[in-house]
Each structure stands twice: as structure tokens, then as C-alpha cells.
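As C-alpha cells, the structure follows; a few thoughts come after it.
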Amino acid sequence: MRLLLTAAVALAGALLAAWLHLPLPWFTGPLLAVAIVNMAGARLAVLPFARDAGQWIIGTALGLYFTPDVVREVVRQAPWIALATLFMMGLGVAGAAALRRLTGEGGTTCFFAMAIGGASEMAAQAERHQDEGARVDRVAAAHSLRLMLVALLVPFALQWAGAQGAAPYEPAAREFSWAGLAVLTAVTGGGAIVLLRLGAPNVFMIGPLLVAAALTAGDISLSALPTPVVNAGQWLIGIALGVRFAPEFFRAAPRFLAAVSLVTLSYLGVAALFGAWLAGPAGLPVATAVLATTPGGIGEMAITAKVLALGAPLVTAFHAIRMVIVVLTIGALYRTLRRVATRRGSDRKGGR
């Protein structure tokens, strides 16, 4: 019954958001409805594998955009994707320093809490460094709050600015086929399983995305994804984000979460300026470049790009590559910064 209640609240939220003409109604509607009802004390149940299933659908849908022309454009953007990744990593380090100054929380916790990477992956990194003072609960809470703020504020800001349809990318597959959809589901699911076995990050987004993109780039068209299926993917991801918020969420560490909110808003402002600048040399529409450099999750930003027609494959490429690089290098970056901080501390003591 609790699962049915969660689904009903999320569906009502989506329908209300669509009626109100809110941006991304099948994503923002369930997210807001579930979060509000949960915060009111309803204690909605988590739909099993909601985020994984939603990411699987969205990853597959995005992969269908990667025609040979789009792949060539992604390759052309490679230097700018690399620059954006370095910018995001630097922004995460600066955010960690700001969070530590605002809260007095340990440096290890702040570092992994404000790194702009996958939420589950950063929580896992914090778990590995608990002996150095990392608090996994606060890292997980910080990322949940960051993702929710970005997922809600960015679509509304883009809609308010009238940013829509700046990049004319369309999925290669135009016709729906039940048999083709069955094959597409099987092979994209296989891609997720392979990456899961390899211990890769965010496998239910990146695995289907890579497989569908490879098929599309190879001019293999199995089936289009019907709009209700894509809406279901957004709905599931919205539920997965919204259900994280319960009455005790903000009571656990109000000062810490308030500081996370402030740093996240700063992230959004600085990243928007960087994206607006990047649009020029990269030859991208400003809205697409801003969305590509927004400090949000790949699923949420990709959904925004797809629904608003803001260069979905390019935005996806920017976020997917950034996320993979951050996850693979964050441990080494942490150890390097920790050694530098230790050495500086020793030098200060020696100077005294």
C-alpha cells in the first residue's frame, strides 16, 4: 500500500505540473510532490530500483541521438569537455573549502560532500575514508540536497529565460517496433550489467547510453522510444530524488545543510558564467553550454536538455565524461590535497 501511495502521489504531481505548464512536468512534478508529502510526515516508500530503471530508460533514449554527425561534433568538443571537467573539479575543491569555513566540519567530509560527481560514488568514497574523519551520512545528505536544488532551479530558470529549441538534434530512430524495443531493452540492459561487473560508476545510465549510442552511430535502428516510456523514466527519477527527503532530513544537521545550499547556489552562479563564456569558443548556444556545465547529475541535466531541445547529446557527453573522470580521479586528488595540507601544516609549525 505504501508503494502504491508513492506511485499515486508521484502521478498526481506529474499531472498537476503538466496542467500548470511547469518545466519538465514528468520530472519536477513527481519530485516536488513526493518530497512535500514525505516532509509532511507521510513516509512514502521507496520504489525498488526506481532510479536505476529511470536512468536505464533515459540513457537509452539519449543514446538514440548519437548519429555519426553528433559523434563527430562530440569529438570536436573534446578539448572544451576536458576544460569543463577541470573547471568542475576546481569548483568542487573551492566549494569544499567554503563549506569547511562555514560549518567547521572536517576537511574530508567537506571534500567529498562538495565534489561534483555521482552522489552514490562520492558517498562510497567517503565510506572508504571514514578513518580519516569522513561522515558518510553528511556526504550523502549534501549530494541529495545539491541534486534536488539543481534539478528544480535549472529547469525553471531556463524556462523563465525562454531557452528552448536552440540545437536541432533529433533521435535517429523514428519508428516504433515492439520487436525492436525488446531487442533494444535486452542489449542496453546487457551494457549495464557488463559495466556493473567491471565496477564502473552510474552503470544504469552510462551502460544503456553507450550501447544505444554505438548502435545509432553504426546506423542500426531498432526502435524509437514512445513518449510515455520516456515520461516514465523521468517520473521514476523524480520519485527517487523526492523520496530522499523526510522530516528528519533537515533536522539532522540544519547548519551544515544550510551551508550546502549556499555553496550550491554559488556553484550555479559561477558555473552559469563559465558556461556563458564557454559558448563562444566552443561554438555552442549559450543555453546548451550553460546546461552542459551546470553542477547537476547526468540524468537530471540530460532530461532537461532533451525536453527543452537544448542539445541533449552534447549536454549528455559533457556530463557523462565529467562524471566518469571525477569518479576515477577523485581519490587521487583527495590524497594529493591531503599531502599538500599536511606539508603546509608542518611548515607552519616549523616556522614557529
Minimal non-hydrogen separation, L47 against I239, with atom names = CD1-CD1, 3.6 Å
Distance only, no hydrogens: is a donor on one side chain within 3.5 Å (strictly under) of an acceptor on the other, for R244 and S144?
-> yes
Should V230 and W26 count as side-chain neighbours, where that means a heavy-atom distance under 4.5 Å?
-> no
Below 4.5 Å, heavy atoms only, C-beta onward: do F111 and L333 meet side chain to side chain?
-> yes
Under a single-linkage definition using a 4.5 Å side-chain heavy-atom cutoff for Ile, Leu, Val, Met, Phe, Trp and Tyr, are L62 and I321 assigned to the same hydrophobic cluster?
-> yes
Below 4.5 Å, heavy atoms only, C-beta onward: do L158 and L308 meet side chain to side chain?
-> yes
Could you give the distance from CZ (R146) to CG (L257), rounded to the nearest 0.5 Å?
-> 13.5 Å
Do L11 and W235 have side-chain heavy atoms sitting under 4.5 Å apart?
-> yes
dist Y267:OH -> L149:CG (nearest 0.5 Å) comes out at 12.5 Å
Honestly curious: do M323 and V194 fall in one hydrophobic cluster under the side-chain, below-4.5 Å linking rule?
-> yes
CZ (R76) with more than 12 external heavy atoms under 6.0 Å = yes
Presence of salt bridge, E300 and K306, under 4.0 angstrom | no
If we only count heavy atoms from C-beta on, is the P48 to L3 side-chain gap below 4.5 Å?
-> yes
Over all atoms of both residues, closest heavy-atom pair of C110 and T103 | SG-OG1, 4.4 Å
Please work out whether the ring planes of F176 and W178 are parallel, tilted or perpendicular, with thresholds of 30° and 60°.
-> perpendicular
Between I58 and the options I298, L209, L225, I237, the side-chain contact (heavy atoms from CB on, under 4.5 Å) test singles out I237
List the atom of F274, the atom of A84, and the distance in Å for their closest heavy-atom pair.
-> CE2-CA, 3.9 Å
Short question: side chain of T28, backbone of P23 - any donor-acceptor pair under 3.5 Å?
-> yes
CG of L184 to CD1 of I220, rounded to nearest 0.5 Å, is 11.0 Å
Determine whether L145 and T264 make a side-chain contact, defined as any pair of heavy atoms from C-beta on separated by less than 4.5 Å.
-> no
Hphob cluster co-occupancy, L181 + V187, side-chain heavy atoms under 4.5 angstrom | yes
Does F49 share a hydrophobic cluster with V229, counting links as ILVMFWY side-chain heavy atoms below 4.5 Å and allowing steps through other members?
-> no
At their closest point, which heavy atom of V327 faces which heavy atom of Q125, and how far apart are they?
-> O-NE2, 4.1 Å
Determine whether L241 and R51 make a side-chain contact, defined as any pair of heavy atoms from C-beta on separated by less than 4.5 Å.
-> yes
Closest non-hydrogen atoms of P155 and L24, given as atom of the first, atom of the second and distance, are CB-CD1, 4.0 Å
Could you tell me the separation between the OG1 atom of T293 and the CG atom of L91, rounded to the nearest 0.5 Å?
-> 10.0 Å
Enter the distance from H319:NE2 to I116:CD1 here, rounded to the nearest 0.5 Å.
-> 10.0 Å
Could R100 and E105 be called an ion pair, given the rule that one side-chain N must be under 4.0 Å from one carboxylate O?
-> no
Is D131 atom CG crowded by more than 12 heavy atoms from other residues, nucleotides or ligands, each under 6.0 Å away?
-> yes
So, do F27 and N231 sit near enough that their side-chain heavy atoms are less than 4.5 Å apart?
-> no
N/O donor-acceptor pair under 3.5 Å between T294 side chain and G296 backbone = no
Are the side chain of D52 and the backbone N or O of F204 linked by a donor-acceptor pair below 3.5 Å?
-> no
Report yes or no: does T6 contribute a side-chain atom to a donor-acceptor pair with the main-chain N or O of A45 at less than 3.5 Å?
-> yes
Dump the intermediate steps for side-chain contact (heavy atoms from CB on, under 4.5 Å) on L265 and L153, then the final yes or no.
-> CA-CA 9 Å; L265 294 175; L153 293 176; 3.6 Å; yes
Counting only N and O atoms by type, is there a donor-acceptor contact under 3.5 Å from the side chain of S177 to the main-chain atoms of S223?
-> no
Can you check whether L310's main-chain N or O pairs, donor with acceptor, with T288's side chain at less than 3.5 Å?
-> yes
When every non-hydrogen atom of A305 is compared with those of A312, the smallest separation belongs to CB-CA, 3.7 Å
Over 12 non-hydrogen atoms of neighbours within 6.0 angstrom of CZ in F156 = yes
Is the Y334 ring parallel, tilted or perpendicular to the H129 ring (thresholds 30°, 60°)?
-> perpendicular
With no hydrogens and no angle check, is any side-chain donor or acceptor of R255 less than 3.5 Å from a backbone partner on L102?
-> yes
Got a second to check how far T316's OG1 is from F66's CZ, nearest 0.5 Å?
-> 5.5 Å
In terms of hydrophobic clustering (I, L, V, M, F, W, Y; side-chain heavy atoms under 4.5 Å; direct or indirect links), are V270 and L86 co-clustered?
-> no
